[in-house]
Structures are given as structure tokens and as C-alpha cells.
Participant: 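Pasting a structure here, questions to come.
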Amino acid sequence: MLSLKVSTIAVGASLPLGVWVAALLARSNMPGLWIVNAIVHLPLILPPVVTGYALLLTFGRRGFIGQYLDQYLGFTFAFQWTGAALAAAVMSFPLMVRAIRLAIEAVDPKLEHAASTLGASRIEVFFTVTLPLILPGVIAGMILAFAKAMGEFGATITFVSNIPGRTQTLPSAIYSFLQVPGAELQAARLAGISVVVAVGALVISEFVARRVAKRIGGA
Amino acid sequence: MLEVSLRHDFGSFSVDVDFTAPKGVTALFGASGAGKTTVVNAVAGLFRPAQGRITAEGVTLFDTDKHINLPPRKRRVGYVFQEPRLFPHMSVRSNLLYGARFAPRDATGPDFDAVIGMLGIGALLDRRPGALSGGEKSRVSLGRALLSKPRMLLMDEPLAALDAPRREEILPFLESLRDAGMPVLLVSHSIAEVARLASTVVLLSKGRVIASGPTGEILSDPALAPRFGAGEAGAIITAHTAGRDADGLIRLETAGGPVWVTDAPEAAHLRLRIQASDVILSREAPAGLSALNVLTGTIRRIEEEADGRAFVQIAIGDEAILSRVTLRSVRALGLAPGVACHAIVKSVAVSRDDLAEI
């Protein structure tokens, strides 16, 4: 159940940033954009353990951001469920951005131009034209990110360890059970749950995306 | 009034245009690649030229010297694109009202009921754009631009994607807009459309203005005629409806004499387009011809073409028509500037498309 909370928070909190970064990558021609692109995609190509270690260095209690958070806000990520959420968010971010970016690139800029000649500012254009049209892509990105967050293991266990009741997510629990002789049944039960959750998420996303697409296509 | 002056270098192609569009419909006419859409996009603010100045109805939209570049939303020009560009996720009603909420409170323009009435789209309001026909989409797109209460309208070949019957659906609305005094900049490569709608023509070629002026003058200029396409070139003259004869033909009075046509709009004053290739010239009053319409006038100019033919401009009152004849005929008849002559036009050559209300 911790996993559900972690994944939901991870996806929900990173969604606005994900949409913004995806819009930037899809539409802006700002120089140096490739650096943003590279940073976003790093967690996808690095070994998860390395990402977890990087998080520990940055957001750990003595990390170069983490120490200030701890000192001034009394807030730590390390060895807390929030840390698991952060790890899940970072790991799933590239998948979310990629899906949303593809959706934005599929929106005809001519529609956005038309909206701007009708008097809408860039932000108004985004919220009234672009966002409604990319909704199926955003939903797909969220589901993908959610599934990735549910399954995140390497970065999570490196960053926040595997403390039952505190930072133990579904995959790390399965891993723990498999380490104990005779606990295969519990492991299989948890594996079954994770399959149900994943398939459920997929079905819901298909259903929602299809309804949204129908509404947009208009018949 | 719209004043446009802009320069931009695209590398292989450059645009350098200066023109003034007075009240009424100004047509930007030219072949594809002449830079028409570039000019219109610059006026709308969707394209930023390297250098120039654009003012509309006394408001400076763009001026490189003064570092003024209003964003599209502040220019308030209603842009009717070549494709309808309706928002697919909104109903027709929401599409129509999209621009209205951004319009300043003191902006004037037709109200919602007037626009849907004029365009005949009242029954479509709750539909989605995906369920509309091409002509319906075009009308909604025009209505959407009008309801944003713009200073002026820009239209980039709004009829190009439509077939002839659909075009006939839209043209009357454009005519009524012109009559309502809305300044319109119309991009077109159809000379018939220009003859029917425009009060001013700006002729573009390869990014330069070749000629600009009142439609009657530009279309009857024999030197410009080849640019409109030899088969399409033709001038326009004013005609007044004088009644219907017993055999059904409609009699129109022009400065050069009566013209009978088979079909005409119900209006007192008409603009009559006569294609140059439909006009036969004669020095004497013709007799024993089946052609009914004989306009008398004086030859003003003759422009010879390389292919052995010529465009002859015949002054009729203070207007003029064009005739396309061979050089051999020019010599045989002794046609020259100042010579009186008769221009013969078959009634069936003047179709309903060649007549428009003024």
C-alpha cells in the first residue's frame, strides 16, 4: 500500500513539471535545450543504482541540497517514504516527458497560431487549445510513469534502503521475501498484486484515453 | 486603411513590398511563391520581417525603427486561414465565441446572432467541427474571425480549398462584409474572385509589388494582362440593370451601350467582367452577327506579346475593357491608339460568375 501512495505522489507531483518540460522540449528553440533533454533522460540510461547514489549525494541528509532542507525546513528525504517518492518520480520522469512531448508535437501549431490571432496569450493558448488536445498523451504518460514508479527498485533501495513499514515498496518487499527461505508464497502473493495493479492501470488508461480522444475527435 | 512596408531575405527568395490598402477589399494577387502569405502573416504577427513598418487603422502594429512588434493577440486582425483551423475539441459555438472573450470591451463588431444569421450556421452550433462539411467549416471559421471583433480581416485564399458550389455559398458573405465597410486584405490567385470582390489590387511577383491600384485600372491594363493568365485576363466595367426582355434576356446598360445577359443577380448596379478572349473587335458597326452585345469605344493602348498576339485596351466611358487578338488582325484592321472601334461580346460568354453586385 505504501507503493500506491509513493507512486501516486511521485506522478502527481512531477506532472506539472513534466508537462512544462515537455512543452519546452517540443516547442521552444532556446539554445542549450539539448542539455535539459540530456538531464531529463539520464535516469533512463544510467544504472538505477547510480541514480539512487546521485540522489543520496544530492538529497541525503548531508547532500548538497539535502543538508539545507534538513537544517532550515527540518525535512529529509533520506530513509523516508518521501525519499521513495522522489526516487520514483526521478526514475519515471523521462517516460512521462517523452509521452507528453510526442503528444505536443502532434498538435498542429497552426491551431495555436489561430488562437493567438483571435486574441489569446501564450498561456491562454496552452490551457484552451494545447492542453485539451494533448490530454490523451498526458494520461498515457501518467500511466506509464505510474507503472514505472510502482516497479522502481534500484534507485529506491539505494536512496532510502528497504525499511519495512517506512520505505519498503512492493518490489523491495518481494525482494526481501525471496531472500527468506520458505517465504515464496508471500512473494508470489505480492507479485500477483503488482500484476493486478499494473493491468488495472493499463485498462483504466485505455478507457480514459479513448473517451478523451472521442470527445476531441467529435462525431 | 492598412499600410505595409517590409523587407526580408529568405536566402533564395526575398520579399520587399510597400503598399497601401484603402477601405474596402484589397486583393493581394500573384502566383504561388510570390510572397502573398508571407505578407499576410507579417500583418497578423505570425511572421517577423527583418525590417519594416505596418500600420492598420492608425495603429502601429510593427515598426523596426521604433522597436514596436505587437504580439498577434494585440493586433486584433481577424485571420481567416486557407484551412478552417477550427479547434477540434470544442463545439461550433465555443469555436465561434473563442475570440470574443479576449476582445476589448469597447471593440465594435457584429454580434453573435447577426453573424450566425448571416452565415446560416445556427443549426450547427452544438456540433463538433469534425462533423461539418468543408463549406460549413469555412463559414464557421469566417464567423469565428468576425466575432473576435477585429480591426480588419485577413483572408488567405479562404475559398481555394472549396469546390465551385461551396465557393458560391461563401462569396455572398464576403460581398456583404465588403459592403459593411470592414477593411479586408484578401490573398487570391483567382482572377475571377478578385474581379468580383476587390476594390483595390496589389499585384505581387517574386516578392515585389509589380502594380497596385483600383481593380478596374489594374485589370484593364494591357501590359499587366499576361500576368493574369492569357485565358483568364479580363477587365471589369460598371453596368446598371435596365429590365428583362420578353425572351428572358436581361438588359444591362453600360457606358458603351446595352449588354444582354442570360442570368444576373437581382441588383441595380453590377460589376461586369468581360474576358479578353471573349471580345471580337470590328472597326465598323457589325451587321448580321449572332452576337448581341456591341460596345463602342476608342482604342487607348495596344500591348504586343511575343507569341504573335496582342492585348488591346478599349476605353469605354471612363472605364476600359480588354480584347485579345492576333497581331495580324491588329495590322489588317489598322488598330491603333485613338481609333474608334466596336467590341463584340457573346451573351453566353458572360456567365453569372462574371457579374457581381457593387
Participant: To the nearest 0.5 Å, what is the distance between OG1 on A:Thr128 and CZ on B:Arg101?
Facilitator: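 Between A:Thr128 OG1 and B:Arg101 CZ, I get 5.5 Å after rounding to 0.5 Å.
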Participant: Please identify each residue that fulfils side-chain contact (heavy atoms from CB on, under 4.5 Å) with B:Gln82, with sequence neighbours left out.
Facilitator: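 For B:Gln82, the residues satisfying side-chain contact (heavy atoms from CB on, under 4.5 Å) (neighbours in sequence not counted) are B:Asp156, B:Glu157, B:Ala160.
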Participant: Please, which pairs that meet ring-ring contact (aromatic ring centres under 6.0 Å, His included) have at least one residue in residues 92-113 of chain B, sequence neighbours excluded?
Facilitator: B:Phe87-B:Tyr98, B:Tyr98-B:Phe102
Participant: Does A:Arg27 have more than 12 heavy atoms from other residues, nucleotides or ligands lying within 6.0 Å of its CZ?
Facilitator: yes
Participant: Taking atom CZ of A:Arg98 as the centre, does the number of heavy atoms from other residues, nucleotides or ligands within less than 6.0 Å exceed 12?
Facilitator: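 Check fails, neighbour count at 12 or below.
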Participant: Which region of B:Arg144, side chain (C-beta onward) or backbone (N, CA, C, O), has a non-hydrogen atom less than 4.5 Å from a non-hydrogen atom of chain A, or is it both or neither?
Facilitator: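 Both backbone and side chain.
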Participant: Above 12 or not: heavy atoms from other molecules or residues under 6.0 Å from CZ of A:Phe127?
Facilitator: no
Participant: Is it the case that more than 12 heavy atoms not belonging to A:Phe207 sit under 6.0 Å from its CZ atom?
Facilitator: no
Participant: Should we count NE2 of B:His189 as having more than 12 external heavy atoms under 6.0 Å?
Facilitator: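 No, NE2 of B:His189 has 12 or fewer neighbouring heavy atoms, counting only those of other groups under 6.0 Å.
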Participant: Roughly how far apart are B:His89 NE2 and A:Ile134 CD1, rounded to 0.5 Å?
Facilitator: 11.0 Å
Participant: Identify which part of B:Leu86 has an atom lying under 4.5 Å from any heavy atom of chain A, answering side chain, backbone, both or neither.
Facilitator: backbone
Participant: Tell me whether A:Ile123 at atom CD1 has more than 12 heavy atoms from other residues, nucleotides or ligands lying less than 6.0 Å away.
Facilitator: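 Atom CD1 in A:Ile123 is not packed in, count stays at 12 or less.
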Participant: Of all the residues in residues 43-80 of chain B, which have a heavy atom that comes within less than 4.5 Å of a heavy atom in chain A?
Facilitator: B:Ala44, B:Leu46, B:Pro72, B:Arg73, B:Val77, B:Tyr79
Participant: Residues of residues 106-117 of chain A under 4.5 Å from chain B (heavy atom pairs)?
Facilitator: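 When heavy atoms of chain B are the reference, residues 106-117 of chain A contributes A:Lys110, A:Leu111, A:His113, A:Ala114, A:Ala115, A:Ser116, A:Thr117 within the under-4.5 Å range.
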